[in-house]
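Here's the structure we're looking at; comments come further down.
Hydrogens, waters and symmetry mates are skipped; everything else that's a heavy atom, side chains included, is used.
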Amino acid sequence: LLRTTDGGVESILLGHTQYPHQLSWSPDGLWIASLDFTGALFVWDVRKSRLAFTRSEKVARVANFAWSPDGKFLASAEHGGIAILDPEGTVIDRIRIELGIYGVSWSSDGRRLAIALRDLQQFGIITQDEHEKWSEPKLIRTTIAGGPTRTSWSPDGRLLIAASFEALEVWDVSTWQVINQWSCRDAINCDWERDSNHILISQQAPLVRRYEARGPKNAKPEEIAMNSAVSCAALSPDQRLFARGGHCVIDLVDRQGVLQKTFTWPLPQPTLAVGWSPDGQRLASASGSRVFLHEVVGKGPSLKIGRLLT
């Protein structure tokens, strides 16, 4: 964890044997989940500074995960379908799907899951009924070359993004029709704005593009120049800052592209994933086989290595 007060490292979470490439705080701010390139999923208890559980390839090789809106459950996309887990690792439910799932996202009402099926060039919608039973996936074909690798619901639940690293489509959930689409090479992150209409795409290049979901088709997006090329990015909860991870560094950059703060540490590896806590006061980042926790407020980058968590 990184402190935003002085840029110091609050904690370092150890356990991964390979580089984590995805991490996310639970919406209640109590847990952090991280996924590495072996398909091992780790969940950390932030309050107790401990590892809550690991779901390794011995149990299931995890391809992607998503927190439920209330933070009580984790959807783990893995071989054979989706496991619904609690934060301590107990399997609450299983959704059997004999398809290769590359991405999963939870709708804001907690009643629908969207899965990305790259090999089939499709995505699927799974709905929970009033008896908390999950349906068979409704499969929808995309025009994305190579197929989608991720999905993302708008905050109001009325639109859905199906995307790869090269292109994205915006779908109207009421009709399941594409309402807009763009080519976006080297996209590393996709964030909805609160209005459920604008989409911010961070790219490896020093650039963020702002698209209007309900605007004219294929309209040229607004472009926000950034300070440097990056390997990962995340928009803060108040939507004022981008955390952009590079080599041994995380930059905090505002919506005008102005650098506000830099965190550095003496590790010769790039930052592969970064995520904000729900209150915007802390960051989690992944570099090497470690997950770092940082606090974000205050002035001046200084490094203070916190206690190690095993």
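Closest of all the heavy-atom pairs between Leu168 and Cys184 is CD2-SG, 3.9 Å. Taking all atoms of both residues into account, the shortest heavy-atom contact from Trp276 to Ala234 is NE1-O, 3.1 Å. Across every non-hydrogen atom of Val249 and Asp251, the tightest pair is CG2-OD1, 3.6 Å.
The OG1 atom of Thr127 lies 9.0 Å from the CG atom of Asp109; values are rounded to the nearest 0.5 Å. Atom CD1 of Ile125 and atom CG of Leu139 lie 9.5 Å apart (nearest 0.5 Å). Note: Leu235 CG to Ser202 OG = 7.5 Å, rounded to the nearest 0.5 Å. From Ser26, atom OG reaches atom CD1 of Ile32 across 8.0 Å, with rounding to the nearest 0.5 Å. Taken to the nearest 0.5 Å, the CD1 atom of Ile92 stands 4.5 Å off from the CG atom of Asp86. With rounding to the nearest 0.5 Å, the separation of CG in Leu200 from CZ in Phe242 is 4.5 Å.
For an aromatic pair to be called close, the ring centres must be under 6.0 Å apart, and Trp106 with Phe73 fails this. Taking the six-membered ring for Trp and the full ring otherwise, the centers of Tyr211 and His198 sit at least 6.0 Å from each other.
Here the side chains of Ser24 and Trp31 are not in contact, with every heavy-atom distance at 4.5 Å or above. By the 4.5 Å heavy-atom criterion applied to side chains, Gln181 and Lys217 are not counted as neighbours. When side chains are defined from C-beta on, Gln204 does not count as touching Arg185, because their heavy atoms never get closer than 4.5 Å. Under the 4.5 Å side-chain criterion, counting only non-hydrogen atoms from C-beta, Glu169 is not in contact with Leu160. Side-chain contact between Ile101 and Leu117: present, with at least one pair of heavy atoms (C-beta onward) separated by less than 4.5 Å. Side-chain contact between Trp171 and Val173: absent, with no pair of heavy atoms (C-beta onward) separated by less than 4.5 Å. Taking 4.5 Å as the limit, some side-chain heavy atom of Leu35 sits within range of a side-chain heavy atom of Phe65. The closest side-chain heavy-atom distance from Ile126 to Ile115 is below 4.5 Å.
No side-chain donor-acceptor contact under 3.5 Å links Gln177 and Asp172. Trp44 and Ser34 form a side-chain donor-acceptor contact under 3.5 Å, judged by distance and modelled atom types alone. In summary, the side chains of Ser164 and Thr149 do not present any donor paired with an acceptor at a separation below 3.5 Å, with no hydrogens or angles considered.
Using a cutoff of 4.0 Å between basic side-chain nitrogens and carboxylate oxygens, Arg47 and Asp45 are scored as salt-bridged. Salt-bridge check for Glu88 with Arg50: passed, with a basic side-chain N closer than 4.0 Å to an acidic carboxylate O. One finds a salt bridge joining Glu193 and Arg255 here, because a Lys/Arg side-chain nitrogen approaches an Asp/Glu carboxylate oxygen to under 4.0 Å.
With hydrogens and angles ignored, the 3.5 Å screen pairs a side-chain donor or acceptor of Arg61 with a backbone N or O of Thr38. At distances below 3.5 Å, at least one donor-acceptor pair connects side-chain atoms of Trp182 with backbone N or O atoms of Ala219. With hydrogens and angles ignored, the 3.5 Å screen pairs no side-chain donor or acceptor of Glu166 with any backbone N or O of Ser183.
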Take Arg210 and Glu223, measure what salt bridge (charged side-chain N to carboxylate O under 4.0 Å, His left out) needs, and give me the verdict at the end.
CA-CA 6 Å; Arg210 184 173 186 257; Glu223 294 187 347; over 6 Å; no
